[in-house]
Amino acid sequence: MENQQQAEAKMPLCPSSRPELPNSVVFGVIRGSVEKPRVNYLKQPEPVTKEVIALAEPVTPTEVFRTASPCEESSCQHFDGQDCQLAKRVVDQLPSVSQKLPACSIRNECRWWAQEGSSACFRCPQVITDSYGTSEQWTQVATPTNN
């Protein structure tokens, strides 16, 4: 168990993970509108707990929070064996929504930052894990490609 925790601690963080995954942290709160959501970044990531999850009620936690957890790599449908294809699609297909790097508390551990650099960060504030007002463009970005 301790070796698994040490290995997960060394894994880069996925900034678009599910809160129910092991070692998840909240690093942002969703604000704005359904049509134009934006992430407000926390100064420090907070562990996902039952109490934090309860704060999102009556909606799902991923409609309220951005969470990160150790990258699942080969267990993730977006990972091609080397890179996160979701991060690549976000950079390739979504417009920048920030002119400067957001004040993100997980950047140094973030897979998207390590892989795509500031281009991912300029688009990150618009990424919502569960969004029900999504456009066709969002659907295409979020849909995994066959690896």
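If you read the sequence from its start, that first residue is 1, and numbering goes on from there. None of these values were measured; they are calculated from a predicted model.
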Residue pairs passing the side-chain hydrogen bond (donor to acceptor under 3.5 Å, both in side chains) test where at least one lies in residues 42-55, sequence neighbours excluded: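 Counting only pairs at least two positions apart or across chains, the side-chain hydrogen bond (donor to acceptor under 3.5 Å, both in side chains) contacts touching residues 42-55 are Thr49-Glu51.
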
So, the side chain of [X] versus the backbone of [Y]: is there a donor-acceptor pair under 3.5 Å, distance only?
| X | Y | result |
| --- | --- | --- |
| Ser96 | Ser98 | no |
| Gln126 | Pro95 | yes |
| Ser16 | Thr129 | no |
| Ser69 | Arg18 | no |
| Asp83 | Gln85 | no |
| Arg111 | Cys14 | no |
| Arg107 | Pro102 | yes |
| Glu63 | Thr60 | yes |
| Arg31 | Asn40 | no |

Nearest-0.5 Å distance that lies between atom [atom1] in [X] and atom [atom2] in [Y]:
| X | Y | atom1 | atom2 | answer |
| --- | --- | --- | --- | --- |
| Glu73 | His78 | CD | NE2 | 14.5 Å |
| Glu72 | Gln77 | CD | CD | 11.0 Å |
| Phe122 | Lys100 | CZ | NZ | 11.0 Å |
| Lys88 | Gln115 | NZ | CD | 8.5 Å |
| Phe27 | Cys110 | CZ | SG | 7.0 Å |

Any non-hydrogen side-chain atom of [X] less than 4.5 Å from a side-chain atom of [Y]?
| X | Y | value |
| --- | --- | --- |
| Pro125 | Tyr41 | yes |
| Cys71 | Leu13 | no |
| Ile30 | Val64 | no |
| Pro19 | Thr62 | yes |
| Ile106 | Pro15 | yes |
| Val29 | Phe65 | yes |

Could you tell me which non-hydrogen atom of [X] sits nearest to which non-hydrogen atom of [Y], and how far apart they are?
| X | Y | answer |
| --- | --- | --- |
| Phe79 | Ser74 | CD2-N, 3.7 Å |
| Lys36 | Arg38 | CE-NH2, 3.5 Å |
| Ser17 | Thr67 | O-OG1, 2.8 Å |

For Arg66, what residues pass the side chain to side chain donor-acceptor pair (under 3.5 Å) criterion, not counting sequence neighbours?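 Listed in chain order: nothing, the list is empty.
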
What I want to check is whether the side chains of Glu116 and Ser119 have a donor and an acceptor closer together than 3.5 Å.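 Looking only at side-chain atoms, Ser119 and Glu116 do not form any donor-acceptor pair under 3.5 Å.
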
Between [X] and [Y], is there a shared hydrophobic cluster once you connect ILVMFWY residues whose side-chain heavy atoms come closer than 4.5 Å?
| X | Y | result |
| --- | --- | --- |
| Leu42 | Val25 | no |
| Val52 | Val59 | yes |
| Val97 | Val91 | no |

Checking Cys104 against Trp113 for the side-chain contact (heavy atoms from CB on, under 4.5 Å) test, could you report, in this order, the C-alpha distance in whole Å, the side-chain angles of both residues, the deciding distance, and whether it holds? CA-CA 11 Å; Cys104 178; Trp113 165 255; over 6 Å; no

